[in-house]
Amino acid sequence: MHGFVRNSVSNANLCDGLVQYRVLFVKLFMQAQDSADWNSDDDLDLQIDNYQSSPPSSPPAAVPSSDELFATLVDMGFSPENIARAIDEHGPNADTVVIIDAISKYTVNCEASSSKSKTIDHFLAMGFEEEKVIKAIHEHGEDNIEEIANALISSAAEESPKIKEEEDIEWSESDDEKYANFLSSDDEKVSDSSSENGNQLRSLMNMGFSELEASLAIERCGTGEDVSIADLADFICAAQIAREFDEFHADPEEQKPNVKKRRIEPRREPRSSAADDEPLRLPNPMIGFGVPNEPGLITQRSLPAMARMPPFFYYENVALAPKGVWDTISSHLYDVPPEFVDSKYICAAARKRGYVHNLPISGRYQVQPPPKYTISEAFPLTKKWWPEWDKRTKLNCILTVNASAQLTNRIRLALEPYGGEPPESKKKYVIEQCKKWNLVWVGKNKAAPLEPDEMETLLGFPRNHTRGGGMSRTERLKSLGNSFQVDTVAYHLSVLKPLFPYGINVLSLFTGIGGGEVALHRLQIPMKTVVSVEISAVNRNILKDFWEQTNQKGTLIEFADVQDLSNEKIVELMKQFGGFDLVIGGSPCNNLAGGNRVSRSGLEGDQSCLFYEYCRILDVVRETTKTMRRS
DNA sequence: ACCAAGATGACGATCTCG
DNA sequence: CGAGATCGTCATCTTGGT
């Protein structure tokens with residue numbers, strides 16, 4: 001619980017910035033069709049043939065048909081109504097960019113409004129502290145955006161020249177010199193901003209760009225009437241994307257200086273000596289680099305050089321692990337700081353998880369349709385029975401065990417004697433049980449645990465995903481409790497879509513019921529090859545069924561035990577399929593999870609130690625990828 | 001009688017946040 | 001310092017089939 005409930009509607013200016021961004025993103029998306037991947041697939045043409053036949057999935061290399069354009073735009077998060085309206089107004093053969101520009105205008109217009117919370121959000125999104133924002137609004141009046149901005153900027157400049165967005169990003173030894181240059185040239189630009197300069201700076205920041213990005217853009221593009229804000233915004237977006245591409249396409253060995261400099265932290269508040277001593281802290285709100293419909297989006301970060309090489313990797317585990325665990329995980333995954341996200345900011349159920357990955361973070365978008373955001377939206381039938389004194393709008397984390405039918409009975413018996421309003425003591429008992437066991441109201445005085453298919457929906461899986469395959473109800477509950485929240489993962493993986501228009505090769509460790517695969521499928525990223533490792537036979541069946549039912553054109557190979565997957569075997573598989581583009585998986589959390597009273601022994605526990613197998617395998621894949629690229 | 005699978009309840013600690 | 005949340009494990013009992 002945090003004291004400040006944020007408005008779920010993004011403010012108009014930030015939205016404007018995002019729309020601008022999307023425009024550029026789609027432009028690049030279209031251009032990226034003929035750009036080469038990391039792997040120079042000899043049989044690329046063959047693969048293309050296989051995948052062009054699959055429905056709307058892979059976008060074509062040439063000019064997209066209007067249907068494909070429509071699908072792509074929906075994926076990008078534009079509303080179907082606006083897309084249809086734009087196509088209608090400009091004709092089906094209009095230039096893509098014209099269509100997108102038109103949609104952008106509708107979107108901006110329809111979201112313009114003001115409210116106190118929006119004003120606050122607006123400045124929170126720019127990285128200012130909530131307390132100061134509220135104070136500034138109080139002093140200058142909420143309509144006086146300019147004055148508030150000025151007050152906040154000067155206040156921020158006084159105490160620390162650094163920019164909030166970069167606060168939690170480690171500027172490690174790996175950072176390019178250009179970043180250092182950005183930083184040093186930046187401060188002066190900000191402090192001596194002339195009025196014209198300052199106005200543009202503020203406008204850009206209003207759009208959600210950081211002070212750093214904005215001032216750099218002004219420096220590069222110049223100021224004055226001939227340079228529009230849109231031009232500057234485009235410049236920033238282009239720079240962001242170019243940087244992402246550069247980071248991954250450049251050979252890290254060539255650009256990395258041989259001398260390993262000690263970690264430099266320019267313009268940082270003095271931190272206690274070595275960064276390793278300082279344990280990782282969970283962000284509040286737990287939204288990582290940002291989630292859809294919430295302010296505070298961060299679109300760039302700097303990865304340690306070691307992490308900036310193929311393949312992409314994506315590791316997941318519980319956020320609330322014992323102290324020090326995430327530091328260890330991060331240190332074994334090339335010092336990439338974890339991205340902690342609570343899925344309650346994306347769907348109707350909480351799921352606090354940490355994700356360590358080397359994916360780009362700009363250009364993320366949500367898969368459609370977005371998940372229901374509240375309990376009542378997710379389960380409309382519960383509204384009728386939901387007592388007024390149960391204030392929950394979100395469910396707690398879906399666990400591996402469910403409440404018993406007896407508990408439902410006990411709750412009914414506790415409430416039945418009272419007509420409308422039960423006494424406080426009864427209410428307290430019932431609410432406590434409802435929260436503890438994640439119960440929903442399915443009848444008069446009847447609070448019942450979630451059914452497996454309801455969990456599937458909450459977690460972003462297709463209905464009946466875990467049905468069949470020899471799975472009992474108990475096994476379904478267990479497997480679902482151990483799974484990804486698909487919408488969250490898909491949001492993170494969405495950046496892969498423009499990078500792999502012809503599909504990707506995936507190594508999926510600890511696959512479970514295939515959360516990663518479902519995410520990629522929902523993103524319509526074709527899976528050329530999936531090598532899946534999953535110990536549970538019924539889970540393997542579920543993935544196999546999914547593979548067949550969704551008519552996957554690619555190859556699925558399943559293994560049972562990661563410990564049996566030797567380094568030689570991995571190399572063999574990579575040679576066979578041309579390497580892996582993505583290594584994804586969440587290792588067992590048994591010995592990390594808070595609910596475990598018996599063996600919460602940390603990363604060295606019997607099951608959770610398999611994390612090191614993830615590391616071993618990822619290392620082999622990275623090394624082999626390097627060798628394969630050389631030859 | 002026997003077995004396999006499901007159902008149930010007892011079992012705290014360790015975090016974070018306000 | 002108190003409130004609240006947490007991809008859990010285990011022994012035992014019940015159920016349903018042969």
Side-chain angles (χ1 to χ4, degrees), chain A residues 1-5 130-131 279-286 315-327 329 340-344 347 349-355 391-392 394-411 428-429 431-439 448-450 452 455-456 458-461 466 470-486 488-489 510-516 534-536 538-539 585-603 605-608 610-611:
Chain A
M1 287 262 273
H2 50 284
F4 189 75
V5 180
E130 187 174 323
E131 194 186 324
L280 286 165
R281 293 192 56 87
L282 299 174
N284 184 21
M286 197 185 279
Y315 173 82
E316 178 259 12
N317 216 319
V318 290
L320 277 57
K323 262 186 179 165
V325 164
W326 276 106
D327 298 273
I329 291 174
F340 292 106
V341 182
D342 186 342
S343 294
K344 79 174 178 184
C347 68
R351 207 165 185 79
K352 298 177 183 62
R353 295 294 180 269
Y355 306 89
K391 304 293 185 194
R392 290 176 299 155
K394 298 277 183 182
L395 290 166
N396 280 335
C397 187
I398 291 172
L399 306 177
T400 55
V401 279
N402 235 9
S404 67
Q406 299 307 312
L407 179 60
T408 302
N409 227 9
R410 285 196 293 272
I411 288 175
K428 193 183 169 202
Y429 162 74
I431 292 290
E432 196 183 301
Q433 295 300 312
C434 284
K435 288 182 176 176
K436 183 175 175 185
W437 292 104
N438 244 352
L439 309 179
L450 295 171
M455 295 185 186
E456 287 169 346
L458 277 173
L459 291 169
F461 288 91
T466 56
M471 239 191 188
S472 69
R473 184 191 148 85
T474 318
E475 284 169 319
R476 285 180 80 182
L477 294 171
K478 184 169 180 182
S479 291
L480 284 162
N482 279 320
S483 176
F484 287 163
Q485 207 288 323
V486 172
T488 310
V489 173
F510 315 105
T511 305
I513 54 174
E534 167 57 41
I535 194 81
S536 154
V538 278
N539 282 348
S587 64
C589 66
N590 307 29
N591 311 117
L592 309 178
N596 190 342
R597 310 172 184 199
V598 182
S599 51
R600 198 183 184 189
S601 42
L603 269 184
D606 289 346
Q607 289 82 40
S608 293
L610 290 174
F611 161 70

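Keep in mind that the numbers below use all heavy atoms, side chains included, and drop hydrogens, waters and symmetry copies. In what follows, chains carry the letters A, B, and so on, assigned in the order in which the sequence lines appear, proteins first and then strands, with residues in each chain numbered from 1.
- A:Ser479 and A:Asn482 share no donor-acceptor pair across their side chains, judged by distance under 3.5 Å alone.
- Shown here, C:dC7 forms no base pair; nothing in the strands shown gives a Watson-Crick or G-U wobble contact with both key distances under 3.5 Å.
- When the side-chain nitrogen and oxygen atoms of A:Ser404 are compared with OP1 and OP2 of B:dG9, one or more of them lie within a distance under 4.0 Å.
- Among the atoms of the strands shown, only primed sugar atoms or phosphate atoms (P, OP1, OP2) are found under 4.0 Å from some heavy atom of A:Cys397.
- Where A:Arg473 and A:Gly595 meet DNA chain B, the nucleotide closest to each residue was compared, and A:Arg473 sits on the side nearer the 5' end.
- Counting non-hydrogen atoms under 4.0 angstrom, A:Lys478 reaches nothing in the nucleic acid.
- Within 4.0 Å of A:Arg351, counting heavy atoms only, lies at least one base atom of the nucleic acid.
- Looking at heavy-atom distances under 4.0 Å, A:Ser608 makes no contact with the nucleic acid at all.
- To the nearest 0.5 angstrom, A:Leu480 atom CG is 7.0 Å from A:Phe461 atom CZ.
- Across C:dC7, B:dC17, C:dT9, the shortest atom-to-atom separation from the side chain of A:Asn590 is found for C:dT9.
- Taking 4.0 angstrom as the limit, A:Thr474 places none of its side-chain polar atoms (N or O) nearer than this to OP1 or OP2 of B:dA5.
- Using a 4.0 Å heavy-atom criterion, one finds that A:Ala321 contacts no nucleic acid atom at all.
- The residue among A:Leu320 and A:Ser472 whose nearest nucleotide of DNA chain B lies closer to the 5′ end is A:Ser472.
- Applying the 4.0 Å criterion to OP1 and OP2 of B:dA10, one finds that A:Arg597 has every side-chain N and O outside that range.
- Separating the P atom of C:dC7 from that of B:dA10 is a span of 23 Å, rounded to the nearest Å.
- Between C:dT6 and A:Asn396, a contact under 4.0 Å exists linking OP1 or OP2 to a side-chain N or O.
- Within the 4.0 Å cut-off from OP1 or OP2 of B:dC11, not a single side-chain nitrogen or oxygen of A:Asn596 is found.
- With B:dT16, C:dA5, C:dT9 as the candidates, the nucleotide lying closest to the side chain of A:Leu282 is B:dT16.
- Side chain of A:Arg600 to main chain of A:Leu592: a donor-acceptor pair is present (N/O by atom type, distance under 3.5 Å, no hydrogens or angles).
- Among the protein residues, A:Lys436 comes within range of no part of the nucleic acid, since none of its heavy atoms lies under 4.0 Å from any strand.
- Here the side chain of A:Asp327 pairs a donor or acceptor atom with the backbone of A:Leu280 at under 3.5 angstrom.
- For A:Ala350, whose side chain is taken as the heavy atoms from C-beta onward, the closest listed nucleotide among C:dT6, C:dT9, B:dC17 is C:dT6.
- Pair check for B:dG12 finds none; no Watson-Crick or G-U wobble contact set falls under 3.5 Å.
- You'll find the ring centres of A:Tyr315 and A:Phe611 inside the 6.0 Å limit.
- Only the C1' atoms considered, B:dG12 is 13 Å distant from C:dA5, to the nearest whole Å.
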